[in-house]
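Please find one structure pasted underneath; my questions will follow.
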Protein chains: 2
Amino acid sequence: MARVGLTAERLTRAGAELADEVGFDQVTVSALARRFDVKVASLYSHVRNSQDLKTRIALLALAEMADRAADALAGRSGKEALAALANVYRDYAREHPGRYAAAQLRLDPQTAAASAGVRHARMTRALLRGYDLTEPDQTHAVRLLGSVFHGYVSLELGGGFSHSAPDTDETWVRVIDALDTLLRNWPPPPTETQG
Amino acid sequence: MARVGLTAERLTRAGAELADEVGFDQVTVSALARRFDVKVASLYSHVRNSQDLKTRIALLALAEMADRAADALAGRSGKEALAALANVYRDYAREHPGRYAAAQLRLDPQTAAASAGVRHARMTRALLRGYDLTEPDQTHAVRLLGSVFHGYVSLELGGGFSHSAPDTDETWVRVIDALDTLLRNWPPPPTETQG
DNA sequence: TGCCCCTGCCTAATAGTTTTAGGCAAATCT
DNA sequence: AGATTTGCCTAAAACTATTAGGCAGGGGCA
């Protein structure tokens with residue numbers, strides 16, 4: 001009786017909100033059913049299972065971040081683009097900690113390949129065109145940037161930088177500055193050393 | 001009957017092994033009881049609850065990593081020390097993915113302050129004495145290194161770098177190289193710009 | 001050696017989550 | 001309106017977490 005109008009999309013969005021409120025690992029089929037004031041079994045017509053639900057939330061988060069990144073990069077290049085992209089991730093994580101955690105979910109290769117994850121990689125690569133890197137070095141740099149962004153954001157979010165001066169905003173601008181410097185002066189591959 | 005000899009320490013170690021085998025979030029009081037061939041309730045005399053168990057595993061992992069780091073840093077400085085420390089985290093994460101995940105557990109401030117986490121921060125700072133950084137910049141650099149190490153390791157572990165050439169070992173040495181270069185040429189704080 | 005007591009592991013019970021199977025009624029189509 | 005689809009429900013089984021209380025094994029003591 002009284003159909004609520006559940007769909008996979010509504011469940012995913014509500015799940016994302018729930019994640020931001022109580023943490024991604026607290027997102028449970030039961031909790032979501034409560035939120036819709038509906039019996040638990042009803043959700044299983046729309047999502048295959050708990051894992052499926054979480055995957056959908058992860059994909060939503062990845063897509064949202066990619067959209068923001070695309071917006072942020074439009075019309076920018078060089079350091080400006082670097083800072084804009086960096087801030088996309090950091091801001092998103094602070095506004096949506098649960099979604100950000102969801103985006104870290106390990107996806108199976110098929111799902112990952114079809115996700116917005118590839119857009120992220122492409123955008124980072126596009127950003128690097130503003131610097132002067134040869135092809136293999138570009139990949140190294142993509143990975144470095146991904147590591148710094150993700151590492152910084154997750155440590156900051158996890159409280160790893162708490163209660164220590166100077167504040168994390170200051171560090172953040174200095175880190176971006178440092179990355180910009182580094183990309184401008186990317187060290188050449190070490191020459192073979194003989195044993 | 002047949003006392004097995006449970007203690008908090010044995011449970012913690014077994015929990016850590018279990019984490020490495022099946023993943024940290026699959027570490028459950030029930031699974032641990034099964035592993036000791038003991039009823040679930042029996043564990044509750046030794047650990048307060050599931051959260052307590054997980055916290056103990058996290059503390060174990062942090063301590064183990066700090067021990068390895070201390071060993072690795074002994075007698076090294078500069079880039080050699082940087083590479084050694086970086087490899088400690090990466091190697092530990094690859095040998096003990098479950099423990100590494102445990103170490104990411106959010107600890108309450110009290111527990112965190114009493115954990116080996118502070119040793120990690122101290123060692124990173126010690127490493128930076130081999131470079132020429134003023135005090136506030138040292139903190140920024142500590143955070144940057146922590147971000148890169150953690151970010152790289154967790155992305156690599158999560159498959160974020162998979163199936164793309166060049167391989168991740170090569171990127172890793174280039175990233176360390178890049179960090180070394182960066183620390184040698186740390187950009188000065190930007191001068192105030194007027195609006 | 002025998003007794004006592006403590007502690008360790010047990011049984012029992014409650015509660016929450018996940019998942020499947022099958023039913024009834026509301027919405028939709030003809 | 002009648003038929004069909006489909007959305008949400010009840011019921012039930014399995015697993016996890018946690019608490020309360022019981023029994024017996026092993027160490028300490030005479």
Side-chain angles (χ1 to χ4, degrees), chain A residues 1-60 98-99 101-102 104-108 111, chain B residues 1-60 98-99 101-102 104-108 111:
Chain A
M1 329 90 168
R3 308 204 169 183
V4 185
L6 301 179
T7 65
E9 291 69 42
R10 286 192 64 196
L11 289 175
T12 304
R13 273 198 297 276
E17 287 165 23
L18 185 59
D20 288 336
E21 291 166 20
V22 303
F24 181 58
D25 39 49
Q26 303 299 317
V27 172
T28 173
V29 187
S30 309
L32 205 50
R34 269 193 297 274
R35 171 161 293 219
F36 280 96
D37 201 29
V38 137
K39 297 298 171 179
V40 189
S42 307
L43 303 204
Y44 282 82
S45 315
H46 305 281
V47 296
R48 244 193 317 286
N49 52 34
S50 184
Q51 183 59 36
D52 179 37
L53 172 66
K54 287 179 181 163
T55 300
R56 284 168 190 269
I57 297 172
L59 294 177
L60 173 68
R99 284 157 146 100
Q104 268 24 86
L105 188 69
R106 213 191 183 323
L107 302 173
D108 62 287
T111 313
Chain B
M1 329 79 173
R3 310 206 166 180
V4 185
L6 301 181
T7 65
E9 291 70 42
R10 286 192 64 195
L11 289 175
T12 305
R13 273 197 298 273
E17 286 165 24
L18 185 60
D20 288 336
E21 290 166 21
V22 303
F24 182 58
D25 39 49
Q26 304 297 318
V27 172
T28 172
V29 187
S30 308
L32 205 50
R34 267 193 299 274
R35 171 162 293 222
F36 280 95
D37 201 27
V38 138
K39 298 297 170 177
V40 188
S42 307
L43 303 204
Y44 283 82
S45 315
H46 305 281
V47 297
R48 245 195 314 290
N49 51 35
S50 183
Q51 182 59 37
D52 180 36
L53 172 66
K54 286 180 182 163
T55 300
R56 285 169 189 267
I57 297 172
L59 295 176
L60 173 68
R99 285 155 145 101
Q104 269 22 89
L105 188 69
R106 215 193 181 322
L107 302 173
D108 62 286
T111 312

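Keep in mind the model is a prediction, meaning the values are calculated, not measured. Every chain is numbered from 1, with letters handed out A, B, ... down the list of sequences.
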Reading nucleotides 12-19 of chain C from 5' to 3' and marking B where a protein heavy atom lies under 4.0 Å of the base, S where only the sugar-phosphate is that close, and - otherwise, the string is -----SSB
Does anything in residues 7-16 of chain B pair up under salt bridge (Lys or Arg N to Asp or Glu O under 4.0 Å), and if so which pairs, sequence neighbours excluded?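 Sorted result for residues 7-16 of chain B: empty, none.
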Measure the CG-CG distance between Leu11(A) and Leu18(A) for me, rounded to the nearest 0.5 Å.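 It is 11.5 Å, given to the nearest 0.5 Å.
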Enumerate the residue pairs fulfilling side-chain hydrogen bond (donor to acceptor under 3.5 Å, both in side chains) with a member in residues 26-43 of chain B, sequence neighbours excluded, ordered by first and then second residue.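 Found Glu21(B)-Arg35(B).
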Interatomic distance where CZ belongs to Phe36(B) and P belongs to dG8(C) [whole Å]: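 To the nearest whole Å, that distance equals 14 Å.
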Just verifying a value: how many Å separate Asp25(B) CG and Asp25(A) CG, rounded to the nearest 0.5 Å?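 Between Asp25(B) CG and Asp25(A) CG, I get 8.5 Å after rounding to 0.5 Å.
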Under a 4.5 Å cut-off applied to non-hydrogen side-chain atoms, are Val38(B) and Leu6(B) in contact?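 Result yes, sub-4.5 Å side-chain heavy-atom pair found.
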For the pair made of CG in Leu53(B) and C1' in dT18(D), what is the distance, rounded to whole Å?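 It is 14 Å, rounded to the nearest whole Å.
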Whole-Å distance between dA20(D) C1' and Lys39(B) NZ?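 So the NZ-C1' distance, Lys39(B) to dA20(D), works out to 18 Å.
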Review item, nucleotides 4-6 of chain D N/O atoms under 3.5 Å of protein N/O:
from	atom 1	to	atom 2	distance (Å)
dT6(D)	O2	Arg3(A)	NH2	3.3

N or O in side chain of His46(A) less than 4.0 angstrom from dC8(D) OP1/OP2: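 For His46(A), the contact criterion (side-chain N or O under 4.0 Å from OP1 or OP2 of dC8(D)) is met.
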Between dT16(D) atom C1' and Asp25(B) atom CG, what is the distance in whole Å?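 So the CG-C1' distance, Asp25(B) to dT16(D), works out to 14 Å.
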Considering just the side-chain nitrogens and oxygens of Ser42(A), establish if one lies under 4.0 Å of OP1 or OP2 belonging to dC9(D).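 Yes, because at least one side-chain N or O of Ser42(A) sits under 4.0 Å from OP1 or OP2 of dC9(D).
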Taking atom P of dA27(C) as reference, at what distance in whole Å does atom CG of Leu6(A) sit?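 Taking CG of Leu6(A) and P of dA27(C), I get 14 Å after rounding.
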Tell me, please, which residues at least two apart from Thr111(A) pass side chain to side chain donor-acceptor pair (under 3.5 Å).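 Testing Thr111(A) for side chain to side chain donor-acceptor pair (under 3.5 Å), a comparison that skips the adjacent residues, returns Asp108(A).
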To the nearest 0.5 Å, what is the distance between CD1 on Ile57(B) and CG on Leu105(B)?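 Ile57(B) atom CD1 to Leu105(B) atom CG measures 9.5 Å (nearest 0.5 Å).
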Results of side chain to side chain contact (heavy atoms under 4.5 Å, CB included) for Ala101(B) - residues two or more places apart only: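 Residues passing side chain to side chain contact (heavy atoms under 4.5 Å, CB included) with Ala101(B): Phe24(B).
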Taking five pairs at each end of the helix from dT1(C)-dA30(D) to dT30(C)-dA1(D), what angle separates the two helix axes (nearest 10°)?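 Roughly 10°, once rounded to the nearest ten degrees.
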Set of side chain to side chain donor-acceptor pair (under 3.5 Å) partners for Asp52(A), sequence neighbours left out: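 Side chain to side chain donor-acceptor pair (under 3.5 Å) list for Asp52(A), sorted by chain: Arg56(A).
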In Å, rounded to the nearest 0.5 Å, how long is the span from CG of Asp20(B) to CZ of Arg99(B)?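 Asp20(B) atom CG to Arg99(B) atom CZ measures 5.0 Å (nearest 0.5 Å).
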Do Leu59(A) and Leu107(A) have side-chain heavy atoms sitting under 4.5 Å apart?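 Yes, close enough: below the 4.5 Å cut-off.
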Using whole Å, what does the distance between atom P of nucleotide dT16(D) and atom CD of Gln26(B) come to?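 These atoms are roughly 10 Å apart.
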